[in-house]
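Because the structure is a prediction, the values reported are computed rather than measured. Labels below follow one simple rule: chain letters A, B, ... track the order of the sequence lines, proteins then strands, and each chain is numbered from 1.
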Number of protein chains: 2
Amino acid sequence: MGIQQTLKAIGDPTRREILDLLKAGEKTAGEIGEHFKATGPTISHHLAVLRNAGLIMDEKKGKYIFYELNMTVFEEILSWITAFTGGDKDE
Amino acid sequence: MGIQQTLKAIGDPTRREILDLLKAGEKTAGEIGEHFKATGPTISHHLAVLRNAGLIMDEKKGKYIFYELNMTVFEEILSWITAFTGGDKDE
DNA sequence: CTTATATTTAGATGAATATCTAAATGAAAA
DNA sequence: TTTTCATTTAGATATTCATCTAAATATAAG
């Protein structure tokens with residue numbers, strides 16, 4: 001993992017939209033897919049990228065796979081950013 | 001511009017390293033280039049991407065072009081992130 | 001005015017990636 | 001135990017993107 005994978009992951013607009021959807025709470029892959037015109041496999045790919053980046057977690061419940069945000073990794077991005085804004089010498 | 005360009009820009013490790021260099025203060029394109037094994041044109045390309053994303057600003061002084069961080073856009077990323085972390089319902 | 005220096009622009013190339021269709025997996029329902 | 005449903009995996013394709021060399025631009029120095 002690492003910050004590289006994370007930042008690459010949020011660099012795609014579809015993936016950010018997925019993250020936005022998950023702000024409201026966990027959703028199945030199918031529910032997520034309904035919000036896009038892209039095919040199932042495409043969404044599945046994006047979910048895999050987000051999962052590998054640690055931005056989301058998945059849990060299989062019977063026939064469905066539920067996805068939800070993993071806040072931990074957002075903190076990592078946050079600290080990368082604040083290394084710039086927080087350490088601003090003109091602050 | 002917009003968040004898309006910004007997040008795409010910080011998704012590249014060379015560009016993040018450039019941003020890190022500029023934390024110490026403004027530098028010329030040449031000074032920045034010295035820190036990398038990549039060629040001048042490659043660094044110039046990365047600088048252009050960062051500039052188009054609004055992450056850095058350039059100022060021409062005679063023969064040199066100085067680059068420096070533009071904090072404003074970092075704030076924009078920050079607010080995108082905190083829309084997730086700040087709004088955490090388990091907080 | 002000619003040469004040297006700093007940087008960018010143009011154009012080409014190879015690697016990474018987003019997307020699709022078709023097939024595979026796995027679990028529930030009939 | 002077939003069939004159906006949810007999702008992923010495999011493999012192909014097209015686009016995006018990082019990088020390079022060569023050439024252009026612009027300024028300073030001789």
Kindly indicate whether the side chain of A:Leu22, heavy atoms from C-beta on, has any atom under 4.5 Å from the side chain of A:Ile32.
yes

Would a distance-only check, ignoring hydrogens and angles, find a side-chain to backbone donor-acceptor pair under 3.5 Å from B:Glu75 to B:Thr72?
no

Heavy-atom donor-acceptor pair, A:Arg15 side chain to A:Ile10 backbone, under 3.5 Å
no

Keeping to residues at least two apart or across chains, list the ring pair (Phe, Tyr, Trp, His ring centres under 6.0 Å) pairs with something in residues 54-77 of chain A.
A:Phe74-B:Phe84

For B:Ala48, answer base if it contacts any base atom (sugar-phosphate contacts may also be present), sugar-phosphate if it contacts only those atoms, and nothing otherwise; contact means non-hydrogen atoms under 4.0 Å.
nothing

Quickly work out the A:Asp12 CG to D:dC17 P distance and round it to whole Å.
10 Å

Tell me: CD1 of A:Ile56 to C1' of D:dT7, nearest whole Å?
13 Å

Where each residue is assigned the nucleotide of DNA chain C containing its nearest heavy atom, which of B:Asp58 and A:His46 is assigned the position nearer the 5′ end?
B:Asp58

If you assign A:Thr39 and B:Leu47 each to the DNA chain C nucleotide with the nearest heavy atom, which residue ends up on the more 5' nucleotide?
B:Leu47

Would you indicate, yes or no, if D:dC20 has its OP1 or OP2 atom less than 4.0 angstrom from a side-chain nitrogen or oxygen of B:Thr42?
yes

Work out which heavy atom in A:Gly33 is nearest to a heavy atom in A:Ile43; give both atom names and the distance.
CA-CG1, 4.1 Å

Chain B contact limits on DNA chain C, taken 5' to 3' with a cut-off of 4.0 angstrom to heavy atoms
C:dT5 to C:dT9

Hey, are A:Glu26 and A:Lys61 close enough for a salt bridge, meaning a charged N less than 4.0 Å from a carboxylate O?
yes

Decide, yes or no, whether a salt bridge links A:Glu68 with A:Lys23 under the criterion of side-chain N to carboxylate O below 4.0 Å.
no

Co-membership, hydrophobic cluster, residues A:Ile81 and B:Leu7, 4.5 Å side-chain:
yes

Reading DNA chain D from 5' onward, which residue's closest nucleotide shows up sooner: A:Pro41 or B:Lys8?
A:Pro41

Got a sec? Which of residues 59-68 of chain A come in under 4.0 Å of DNA chain D, heavy atoms?
A:Lys63, A:Tyr64, A:Ile65, A:Tyr67

